Amino acid sequence: MTNISIRNVAKVYDDVPVIAGLNLEISDTEFVVLVGPSGCGKTTTLRMISGLEAVSDGEIWFGNRNVTKTRPGLRNTSMVFQNYALYPHMTIAENIGYGMKVRGVNKETIAQEVHKAASVLNLVNFLDRRPKHLSGGQRQRVAIGRAIVRDPDIFLFDEPLSNLDAKLRVEMRTEIKSLHRRLKTTIVYVTHDQVEAMTMADRVVVMNNGVIEQASDPITLYEKPANLFVAGFIGAPSMNFMEGEIETSDSGHSFRGKDGLQLTLPDNPSSHYTNAIGKPVVLGLRPENVTARDAGNPSVKLIVKSIEPLGPHTLLIGTVAGENFTAQVPTDTTARPDDIVPIPLDLSKAHFFDNTSGLALT
C-alpha cells in the first residue's frame with residue numbers, strides 16, 4: 001500500500017529553477033498522468049520520484065517513508081522508459097529476468113516470475129526469441145514485464161508509447177490500463193500526448209513551466225478548465241478563444257469582440273461573468289460546440305482557410321473577427337477555402353476567462 005507525497009519539491013539546474021515548490025498527493029493504487037508541453041518539468045518530476053534526479057529542496061514520501069535521499073535501488077519502484085532499453089543479445093526471458101538474476105534470485109524463482117509476467121503480457125510464445133524478432137509493441141511489453149517481476153510498490157512510465165505507431169499506441173494504452181486493474185499498484189505516467197492522459201488516467205496533472213496548472217479527473221479538466229492554459233492544452237482540436245468584453249443592457253448580457261463581433265449570451269451561465277462586466281475577458285468555445293443552422297442561436301462568420309474531413313465529422317479551420325477559429329461540422333458540408341460560412345454557436349457551453357490573470361470566471 002503506497003501513496004506518494006511530494007512536498008514543496010524544487011529542482012534547480014546550474015542556478016536555473018526548473019521546478020519550484022511542487023506539491024502533489026498521489027493515492028495508493030491511483031493511476032496519475034503528468035502531462036504538459038516539452039520542458040514543463042514532468043519528466044524531471046518523475047525522475048525525482050524514482051531517485052534518478054536529486055531533489056534541490058523539499059521532500060518526497062512513499063507512505064510513511066521519507067525517500068528524499070534514498071537511492072533508487074532502495075525505493076522499490078520500477079521504471080519503464082521510452083526506448084525499451086532491452087539487451088539485444090539476450091532472449092526475452094533473459095531480458096525480463098535479468099534484474100532478478102543480478103540480485104541473486106535463484107533460477108527456479110526467476111523462471112516462475114518470468115513466466116507469470118509473460119502470461120499477463122501475452123509473451124509466453126516469445127520467451128526464446130531475441131528483441132530484434134519482436135515488434136515495437138511487443139518490445140515495450142517486454143520492458144513492462146521486466147518492471148513487473150520486481151514486484152514494485154510504484155510503477156513509473158516515462159513516455160513509453162511515443163516510439164510506437166498510432167495503432168500500437170491505442171493497443172498499448174488498453175494493455176497498460178488492463179495491467180493497472182490487475183496489479184492494483186500505484187502508477188505515475190508521463191506523456192506529452194493529451195489523448196493518452198485523458199484516456200488512461202484516474203487523475204491528470206497538467207504542468208507548465210514547472211508548475212501544476214490543474215490536477216483533476218479527465219472530464220473535469222475538459223469541462224471545467226481552471227485557466228486559459230489548461231483550456232487550450234486539453235482538447236483536440238484545441239478550444240477557440242475570442243477576446244472582448246461582457247456588456248449588459250435591459251435585454252440581457254452580450255459579448256462584444258473584435259471587428260464589431262456581438263453575441264447575445266444565454267441567461268443560464270450569467271453568473272460566470274456578471275462580476276466581469278466591462279472588463280477584458282476571453283470567451284472560449286470548443287470546436288464541437290456549434291449547432292444546427294435552424295437552431296436560432298447566435299452565429300459568427302467563419303472565413304475558411306482549410307478543410308479537414310475526418311470521417312465522422314469535418315473541421316473547418318479559419319478566422320472569425322480576425323482570430324483563429326475551428327468549427328466541427330457535419331461531413332456533408334459544401335464549404336470551400338475562402339468561403340465565408342455562418343457558424344451558429346452553442347453559447348451555453350461557453351467558457352469565460354479573465355484576460356489579465358487567465359483564470360476561469362466561476
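Given the structure is predicted, the values throughout are model-derived calculations rather than measurements. Atom set for the values below is all heavy atoms of this structure, side chains included, hydrogens, waters and symmetry mates excluded.
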- Message: Using side-chain contact (heavy atoms from CB on, under 4.5 Å), reason through Arg203 and Asp217 one step at a time and then give a plain yes or no.
- Response: CA-CA 4 Å; Arg203 188 158 51 109; Asp217 65 274; 5.8 Å; no
Examine distances only and state if a side-chain atom of Gln194 and a backbone atom of Phe233 form a donor-acceptor pair shorter than 3.5 Å.
yes
Taken in chain and number order and not counting sequence neighbours, the residues that satisfy ring pair (Phe, Tyr, Trp, His ring centres under 6.0 Å) with His192 are none
- Hey, are Thr199 and Arg173 close enough side-chain-wise for a donor-acceptor pair under 3.5 Å? yes
ask   = Under a 4.0 Å N-O cut-off, is there an ion pair linking Glu53 with Lys11?
value = yes
Got Ile4 and Phe62 here, is their nearest side-chain heavy-atom distance under 4.5 Å? yes
* **Heavy-atom donor-acceptor pair, Ser254 side chain to Thr264 backbone, under 3.5 Å** => no
Under a side-chain separation threshold of 4.5 Å, the hydrophobic residues clustered together with Met239 are Leu228, Phe241, Val282, Phe353
Next on the checklist: Would a single hydrophobic cluster contain both Leu315 and Phe325, if residues Ile, Leu, Val, Met, Phe, Trp and Tyr are joined by side-chain heavy-atom contacts under 4.5 Å?
Outcome noted: no
For Ser238 and Gly232, the nearest pair of non-hydrogen atoms, with its separation, is CB-O, 3.2 Å
Take His180 and Asp202, measure what side-chain contact (heavy atoms from CB on, under 4.5 Å) needs, and give me the verdict at the end.
CA-CA 11 Å; His180 178 242; Asp202 296 325; 3.8 Å; yes
Ignoring hydrogens and geometry beyond distance, is a side-chain donor-acceptor pair present between Thr191 and Glu159 at under 3.5 Å? no
### Intermediate values then yes/no, side-chain contact (heavy atoms from CB on, under 4.5 Å), Thr314 and Glu308
CA-CA 6 Å; Thr314 293; Glu308 294 186 356; 5.9 Å; no
Here the pair of heavy atoms bringing Met100 nearest to Val149 is SD-CB, 3.8 Å
dist Leu283:CG -> Glu245:CD (nearest 0.5 Å) comes out at 13.0 Å
Q) Between Arg7 and Ser5, does any side-chain donor sit less than 3.5 Å from a side-chain acceptor? A) yes
N/O donor-acceptor pair under 3.5 Å between Thr45 side chain and Gly41 backbone | yes
- Hey, is CG on Asp128 packed in by over 12 heavy atoms from elsewhere, all under 6.0 Å? no
Show the numbers, then the answer: is there a side-chain contact (heavy atoms from CB on, under 4.5 Å) between Leu24 and Val205? CA-CA 9 Å; Leu24 180 64; Val205 178; 4.0 Å; yes
Separation between CG (Leu316) and OG (Ser306), nearest 0.5 Å, reads 9.0 Å
Between the NZ atom in Lys301 and the CG atom in Asp259, the distance rounded to the nearest 0.5 Å is 12.0 Å
Exactly one candidate in Thr185, Thr77, Ile187 meets side-chain contact (heavy atoms from CB on, under 4.5 Å) with Ile154; the answer is Thr77
Heavy atoms of Pro342 and Pro344 approach each other most closely as O-CD, 3.6 Å
For Ile303, the hydrophobic cluster (side chain heavy atoms closer than 4.5 Å, chained through members) also holds Ile340
Apart from Met90 itself, members of its ILVMFWY cluster (side-chain separation under 4.5 Å) are Tyr87, Tyr98, Val102
Could you tell me whether the side chain of Met48 reaches within less than 4.5 Å of the side chain of Ile19, counting heavy atoms only? yes
- Do Val18 and Ile49 share a hydrophobic cluster (ILVMFWY, side-chain heavy atoms under 4.5 Å, transitive)? yes
Which of Ile148, Asp151, Thr29, Val120 passes side-chain contact (heavy atoms from CB on, under 4.5 Å) with Leu183? It is Ile148
- Message: Contact between Val281 and Phe255 at the side-chain level, heavy atoms closer than 4.5 Å - yes or no?
- Response: yes
Practice item. Determine whether the side chains of Glu59 and Asn8 contain a donor N or O and an acceptor N or O closer than 3.5 Å. Key: no
Taking Asp354 for the side chain and Thr356 for the main chain, is one N or O donor matched with an acceptor at less than 3.5 Å?
yes
Worksheet entry | Candidate pair Asp28 and Thr2, rule side-chain hydrogen bond (donor to acceptor under 3.5 Å, both in side chains), full reasoning | CA-CA 5 Å; Asp28 179 52; Thr2 303; 5.1 Å; no
Can a cation-pi geometry be assigned to Arg181 and Phe31, taking NZ or CZ under 6.0 Å from the six-membered ring centre and within 45° of the ring axis?
no
- Side-chain donor/acceptor of Arg256 to backbone N/O of Leu261, under 3.5 Å: no
Practice problem: Check the hydrophobic clustering (I, L, V, M, F, W, Y; side-chain heavy atoms under 4.5 Å; chains of links allowed) and say if Val204 and Val190 are grouped together. | Solution: no
For Ala360 and Pro225 the tightest heavy-atom approach is CB-O, 3.4 Å
* To do: Could you tell me whether a side-chain N or O of Asp14 sits under 3.5 Å from a main-chain N or O of Val16, the two making a donor and an acceptor?
  => no
On a heavy-atom basis, the closest approach of Gly145 and Ala117 is O-CB, 4.1 Å
Between the CG atom in Leu22 and the CD1 atom in Ile6, the distance rounded to the nearest 0.5 Å is 5.5 Å
Is the backbone of Thr91 close enough, under 3.5 Å, to the side chain of Glu94 for a donor and an acceptor to pair up by distance?
yes
Are any non-hydrogen side-chain atoms of Arg146 and Asn95 less than 4.5 angstrom apart? yes
Review point. In terms of hydrophobic clustering (I, L, V, M, F, W, Y; side-chain heavy atoms under 4.5 Å; direct or indirect links), are Leu34 and Trp61 co-clustered?
Key: no
side-chain hydrogen bond (donor to acceptor under 3.5 Å, both in side chains) filter on Ser27, not counting sequence neighbours, yields none
dist Ile92:CD1 -> Leu121:CG (nearest 0.5 Å) comes out at 11.5 Å
field: Met172 vs Leu161 side-chain heavy atoms within contact, under 4.5 Å
entry: yes
In the structure I gave you, are the side-chain heavy atoms of Met79 and Asp158 within less than 4.5 Å of one another anywhere?
yes
| task | Taking the side chain as every heavy atom from C-beta outward, state whether Pro37 and Phe229 have any atom pair closer than 4.5 Å. | result | yes
For Lys349, the salt bridge (Lys or Arg N to Asp or Glu O under 4.0 Å) test, sequence neighbours excluded, returns Asp346
When every non-hydrogen atom of Gln140 is compared with those of Gln82, the smallest separation belongs to NE2-O, 4.0 Å
I'd like to know if Ile60 and Tyr13 are part of one continuous hydrophobic network [Ile/Leu/Val/Met/Phe/Trp/Tyr, side-chain heavy atoms within less than 4.5 Å]. yes
Legend entry - Asp153 and Asn76 side chains, donor-acceptor separation under 3.5 Å: yes
message: I want to check something: taking the side chain as every heavy atom from C-beta on, are Asn227 and Glu213 in contact at a cut-off of under 4.5 Å?
response: yes
query = Where the side chain of Gln138 meets the backbone of Ser135, is there a donor-acceptor pair that is under 3.5 Å apart?
reply = yes
*Between Glu175 and Arg141, is the closest basic N to carboxylate O distance under 4.0 Å?*
yes
Between the CG atom in Leu285 and the CG atom in Leu263, the distance rounded to the nearest 0.5 Å is 9.5 Å
- Query: Any luck finding a side-chain donor-acceptor pair between Glu196 and Tyr189 under 3.5 Å?
  - Reply: yes
| query | Considering residues, nucleotides and ligands other than His115, do more than 12 of their heavy atoms fall under 6.0 Å from its NE2? | reply | no
